[in-house]
Amino acid sequence: MPVVPATVPGKGAKLPPSPQAATINFTDVTASAGIDFTYKNDNQKMNRAIVESVGGGQGMFDFDRDGLLDLLHVGGGLYRGPENKEMGGYPSVLYRNRGNWTFENISQAAGGWEGDRFKHGCTAADYDNDGFQDVLICGYGGLQLWRNMGDGTFQEGHAAALLTDKLWSTSGAFGDFNQDGFLDLYVAHYVNWSFQNDPQCRVQIGLDATKFLKETCPPKQFQGLPDTLYVSNGDGTFREASAAAGLKPDGKGLAVLTADFDLDGDQDIYVCNDTTENFLFLNDGTGKFEEDAALRGCATDQKGIPTGSMGIDLTDYNHDGLPDICVANYERESYAVYENDGRGFFRHVSEPLGITAIGGVFVGFGTICVDLDRDGLEDIVVNNGHVLFHPQGNSVRQVPLILMNRRSVSFDRIQLGDGSYLDSPHLGRGLAIGDLDNDGDYDFGFTNNDEPSALLRNDCTDGNSWLRVRLVGRASNRDGIGAHLVLETENDKLMRFVKSGASYTSHCDDRPLFGFPKGTRLKSLTVHWPSGTMQTFDAIAAGDDLTILETADAKNP
């Protein structure tokens, strides 16, 4: 395990006690749990189109409200039609959690989840506030919106919801941007590839200038597509409002996350763009945005160069009470941590945190900030894999990255060396986390290109404690998307977020989970709701699994 020289922690950081020794131990339970899924991109036809490189993800959410997280694997894509000049897709697969680490494929009984397009990303949210989470799926040719009927079945209804989007979408995220209690939707689009705009790219084999192989063209060969913002009409339908909201048209979006980045009480949007500057759309409170990433310091790398950004998450890594941004990038680019200096201004701090010490080998996708050892400090896990079929001087399959947060001073890479899944190379894309057995730690779901997905049970030993919270909004949207929570202990203040989007093409457990050393005295838990109200609870204890209902008499600061 490399040790990176210590640097000063972020502004305002309060160092927690030194963590107890922990063993990073995940058990591959894919087969025994009944999970049998492979994301397919039809690369066997040798088209080498950029659509094959994007990959897909999975979602962890409790669709039947039985208290157990279920699993959704997004179906991939294929070429069909005369001379394969037509896009098709595979069905998505829904697994119901039966408990005791057994899952049942109920896709057909739950609505079919048909594969009518080349699909990539998913996100779950209760967009109609009926108590059951619905699912948005993005892909080439438009969106799918699977409405949860509350009886164990789903109905596809993007047309009925007036989601008219037909562009190539990769990821989507929900947020109540105009603060009316209903979830709106941001859809990230990629590039203008089509069979009519399909340049042929080649790569030389070795030193022989006469021998070439067909290769995927880079995103710089294509123009970007404009993203779309839909505003809820409050009746289960949406209206397109991109221009009125102030969206920029020149991105190449791969991932999106909604949260209150400047802590001013409304929902903002961060978009990872591939080879162009990332977006930070700051909300004026009414659903109108100003794109300000360059001025705010989170559009590029530390040298002002746009990166191939794919994965994203949000964390208060240094416990200064401000949300920081983590972004996974392309090879020979540093994975970025943008430290929040206050009021939504950021600094690129990957080098002083030692993250650049991992080198420029990895191509990062699914990105998660998660407290692996429950010491109160969130670590970083990234699913990696190359987008090229013949990368020069690099590997197509790559190992996942585990970066442990060392008292907010550095992130140290952990290399297990045990031959386990986390120690083996994969064609990594999506990454989702969730507490699938409700034991107080996060389990992992990895999605790969043309390689079986993996389900890993968290068997880490740390001797530490936890607290989990599920929010139910009333004035706010029912999922509480956009809320942030602060747990005050005798030593520190821990911040967690209820986010939409994040990682890469995947949806994670939206129940915030706090970890802390065993024996820590908990003082209070404060919930900052998207509606602007605030609730504080004093009688909390380690091991509590709380469901908090937003109350009408909560304080409005």
Side-chain angles (χ1 to χ4, degrees), residues 34-47 49-61 63 70-96 103-124 133-149 152-161 163-172 187-190 193-195 254 365 427 429-430 432 445-453 504-507:
I35 305 299
D36 181 14
F37 179 84
T38 297
Y39 182 90
K40 300 176 182 178
N41 62 4
D42 217 11
N43 72 81
Q44 294 83 3
K45 289 191 170 68
M46 303 290 288
N47 286 310
I50 192 172
V51 70
E52 300 170 30
S53 68
V54 172
Q58 62 179 284
M60 296 187 178
F61 70 112
F63 85 88
D70 309 295
L71 302 179
L72 175 68
H73 290 265
V74 179
L78 53 85
Y79 302 102
R80 65 186 182 193
E83 298 182 359
N84 297 321
K85 296 296 184 180
E86 183 181 327
M87 303 299 291
Y90 293 100
S92 299
V93 178
L94 180 65
Y95 291 95
R96 184 177 183 183
F103 291 81
E104 178 187 1
N105 184 341
I106 62 166
S107 306
Q108 291 304 311
W113 297 86
E114 66 264 13
D116 64 344
R117 65 202 64 193
F118 203 123
K119 296 180 290 296
H120 303 297
C122 69
T123 186
Q133 288 191 309
D134 315 289
V135 178
L136 176 83
I137 293 181
C138 298
Y140 189 92
L143 305 172
Q144 290 183 328
L145 183 64
W146 291 90
R147 185 183 178 192
N148 191 332
M149 305 308 293
T153 67
F154 291 77
Q155 290 184 3
E156 203 291 306
H158 76 277
L163 296 181
T164 57
D165 188 291
K166 295 297 182 184
L167 299 178
W168 180 12
S169 59
T170 53
S171 301
V187 179
H189 295 124
Y190 196 31
W193 177 87
S194 68
F195 288 112
L254 284 175
F365 285 91
L427 267 172
R429 291 299 186 265
F446 287 84
T447 305
N448 309 298
N449 265 359
D450 273 318
E451 178 186 333
S453 295
Y504 178 79
T505 63
S506 299
H507 178 84

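Below, each value reflects all heavy atoms present in this structure, side chains not excepted, and no hydrogens, waters or symmetry copies.
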Ignoring hydrogens and angles, state whether a donor on the side chain of Asp165 or His158 is under 3.5 Å from an acceptor on the partner side chain.
no

Ring-ring centroid check Tyr140 Phe118, cutoff 6.0 Å:
no

Neighbour count >12 (heavy atoms, 6.0 Å) for atom CG, Asp36
no

Going by distance alone, is a donor N or O of one side chain under 3.5 Å from an acceptor N or O of the other, for Trp168 and His120?
yes

Under the criterion side chain to side chain contact (heavy atoms under 4.5 Å, CB included), I'd like the reasoning laid out for Glu451 against Asn449: C-alpha separation, chi angles, the key distance, then a yes or no.
CA-CA 5 Å; Glu451 178 186 333; Asn449 265 359; over 6 Å; no

Steps toward side-chain hydrogen bond (donor to acceptor under 3.5 Å, both in side chains) verdict (Thr447, Gln58)
CA-CA 7 Å; Thr447 305; Gln58 62 179 284; 3.1 Å; yes

From OG (Ser171) to NE2 (His507), nearest 0.5 Å:
13.0 Å

Above 12 or not: heavy atoms from other molecules or residues under 6.0 Å from CD of Glu83?
no

Please determine whether a side-chain nitrogen of the Lys or Arg among Arg80 and Glu86 lies less than 4.0 Å from a carboxylate oxygen of the Asp or Glu.
yes

On the 0 to 90° scale, with breaks at 30° and 60°, tag the Phe61-Phe154 ring pair as parallel, tilted or perpendicular.
perpendicular

Pairwise distance OG1(Thr170) to NE2(His189) - rounded to 0.5 angstrom:
8.0 Å

The reported gap from OH in Tyr95 to CG in Leu72 (rounded to nearest 0.5 angstrom) is 10.5 Å

Check ring pair (Phe, Tyr, Trp, His ring centres under 6.0 Å) between Phe103 and all other residues, then give those that pass, not counting sequence neighbours.
none

Between Asn148 and Gln155, do the side chains contain an N or O donor and an N or O acceptor separated by less than 3.5 Å?
no

Looking only at side-chain N and O atoms, does Tyr79 offer a donor or acceptor that is under 3.5 Å from a partner on Glu52?
yes

